[in-house]
Amino acid sequence: MSHPTGLIIKAQSGFFTVQPDDGGELVVCRIRGRLKQDRRRSNIAAVGDRVTFTLNADGTGQIESVAERQSALSRTRTGPEQRNLQTEQEQVLVANPDQVIFVFSVRNPGFSPRKLDRFLVVAEMNHLPAIICANKVDLVDPAEAREMFRIYEAIGYPVLHTSTLTGEGVDELRELLRGRISVLAGSSGVGKSSLLNAVQEGLGLRVKEVSDATGKGLHTTRHVELIPLDGGGYVADTPGIRSLALFDLEPGELDAYYREIAPLVAQCAFSDCTHTHEPDCAVRAAVEDGRISYERYDSYLRLREEQQELTDKKY
Ligand code: GDP
Ligand code: ZN
C-alpha cells in the first residue's frame, strides 16, 4: 500500500506539520529514524518539502520519505576556521519555492538599491526567480517610481508597482502569488503586511505572527511557515532572508550573481579578473559604453569589498 503524500508547511524543533494532498486535516509528524542518516549535508526536511507519511493511532504521523528538492532557499553554515572540514552544511530555509518577491517602498522608508542588490545575489545563488515589488507608489510621481527601478527592468527582473492606498498592482500581485510557493522579503515598514492584507483579508496578520514569534528569545529554533492562500499556493515570510548575510560567498564568485556581469566574465583577459583594475576587462568595458549600469557596477565593487573583509576576518 502506498503512503499518503503531503507538503510540509511548518517546521519547528523536530516537528513537521504536513498538509495532506487529499485535503485532510493537518498532521504533526516526526521524522522516521532511519531517514536521519541521509542528507547529512542538508536538512532532512524543511518547509516546502513534499513527503510521504504514515499515521499513528494517536493522530500524529511519521514522515517516511522526502521527495528530491527542485529548488531551495538556503544558506550554508560553515564553521569559521574549518571551511574544508565536514562542518559545512546547507541550511534550507524554504524548499521548492517558485519565486522570491523582494518588497521595497519608494518612500518612507526610501528605496535602497544596495539592499536590493544583496537580495538579488541571494536569489541568483539559489537559482530562484526574483520579482521586485515597488510599494507605496502613491507617494511619488509615477515617472519617478519607474526611473528608480529602470535598471532592474533592463536586466530582466520583473518590477511590480503597488500601492495599498490606491490598490494599484494588488490584483497583479494576487495573480503572481496564486498557485505558487512564494517567499516574501523586505525590511519592516515597507508595507509587506499591508500588501498581503490587500491580497487576502487577514493574510498579513498571519504572516506577521509567524515572523514575530521567530524573533523572540535566544532559544527559538528557526521557524518558517507556509501560509496558505485562498486561491491556492503559499506565502512564506522568512525572517531568515532578512538577515541572510552573504557569509559564504567568496569575493571571486560574486560576479556570477550579477546577471548582467556574469556573461561577460569569460571575455576578460584574465580568468581571475576582479573587474577592478585589470587590463582588457570586458566588464569595465561594458560599464564604459553603458551596457552595464554604473550603479550596479559600483554596487558589485562595494559588495565585493565587504565580502573580502569578511573572508579576511574568517581566516
Ligand atoms: P511591514 O512592516 O513591511 O509589514 O509594513 P506594514 O504593512 O506594517 O506598513 C508600514 C506602514 O506603511 C504602515 O503605516 C502602512 O499603513 C504604510 N503603508 C503600507 N502600504 C502603503 C502604501 O502603499 N502607500 C502608503 N502611502 N503607505 C503604505
Ligand atoms: Zn574583468
Side-chain angles (χ1 to χ4, degrees), residues 100-112 115-116 119 132-142 144-145 148-149 159-174 177 182-215 227 235-239 241-243 251-258 260-289 291-292 294 296-298 300-301 303-305:
V100 202
I101 303 178
F102 298 126
V103 185
F104 284 84
S105 47
V106 295
R107 189 166 289 171
N108 302 344
F111 170 48
S112 162
K115 187 169 241 167
L116 175 55
F119 280 167
I132 300 163
C133 178
N135 190 35
K136 308 197 190 183
V137 290
D138 55 279
L139 295 178
V140 300
D141 192 61
E144 194 186 331
M148 248 181 245
F149 293 90
V159 180
L160 182 63
H161 290 237
T162 57
S163 165
T164 61
L165 227 64
T166 67
E168 180 178 347
V170 170
D171 290 342
E172 286 93 327
L173 179 60
R174 192 182 297 112
L177 296 174
S182 306
V183 176
L184 212 73
S187 308
S188 85
V190 298
K192 292 186 307 299
S193 314
S194 311
L195 272 171
L196 291 174
N197 282 335
V199 163
Q200 178 181 318
E201 209 181 305
L203 183 63
L205 192 67
R206 278 217 57 198
V207 170
K208 213 170 195 133
E209 278 166 7
V210 173
S211 41
D212 287 354
T214 315
I227 312 290
V235 174
D237 170 34
T238 148
I241 197 174
R242 279 187 224 149
S243 57
E253 56 177 342
L254 185 61
D255 53 17
Y257 305 124
Y258 276 69
E260 72 277 48
I261 293 180
L264 297 173
V265 171
Q267 296 163 36
C268 293
F270 297 94
S271 64
D272 59 351
C273 186
T274 64
H275 325 301
T276 55
H277 62 277
E278 294 87 346
D280 296 322
C281 169
V283 173
R284 283 194 301 138
V287 175
E288 268 154 40
D289 66 23
R291 278 175 293 142
I292 289 179
Y294 180 75
R296 284 273 290 176
Y297 174 65
D298 185 52
Y300 159 79
L301 292 181
L303 197 47
R304 190 174 205 292
E305 211 160 287

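We count ligands from 1, going down the list as the structure has it; atoms in each ligand are counted the same way.
- By the ring pair (Phe, Tyr, Trp, His ring centres under 6.0 Å) test, Y297 is found to be paired with no residue, residues two or more places apart in sequence or in another chain being considered.
- Within the 4.5 Å cutoff, the side chain of K115 has heavy atoms near those of the F104 side chain.
- Atom CZ of R284 is separated from atom CG of L301 by 9.5 Å, given to the nearest 0.5 angstrom.
- Here the side chains of N135 and V190 are not in contact, with every heavy-atom distance at 4.5 Å or above.
- Of all protein N/O/S atoms, those under 2.8 Å from the Zn ion (ligand 2) are C268 SG, C273 SG, H275 ND1, C281 SG, and waters are not counted.
- In this view, Y300 and Y258, H275 satisfy the ring pair (Phe, Tyr, Trp, His ring centres under 6.0 Å) rule, not counting sequence neighbours.
- Just one of I227, I101, L195 meets the side-chain contact (heavy atoms from CB on, under 4.5 Å) condition when paired with L184; it is I101.
- Each of L160, L165, T164 was evaluated against T162; a single residue qualifies, L160, per the side-chain contact (heavy atoms from CB on, under 4.5 Å) test.
- Under the 4.5 Å side-chain criterion, counting only non-hydrogen atoms from C-beta, F119 is not in contact with I132.
- In this structure, R291 contributes its side chain and E260 its backbone to no donor-acceptor pair below 3.5 Å.
- Within 4.0 Å of ligand 1, heavy atoms belong to protein residues N135, K136, D138, L139, S163, T164, L165, S187, S188, G189, V190, G191, K192, S193, S194, K208.
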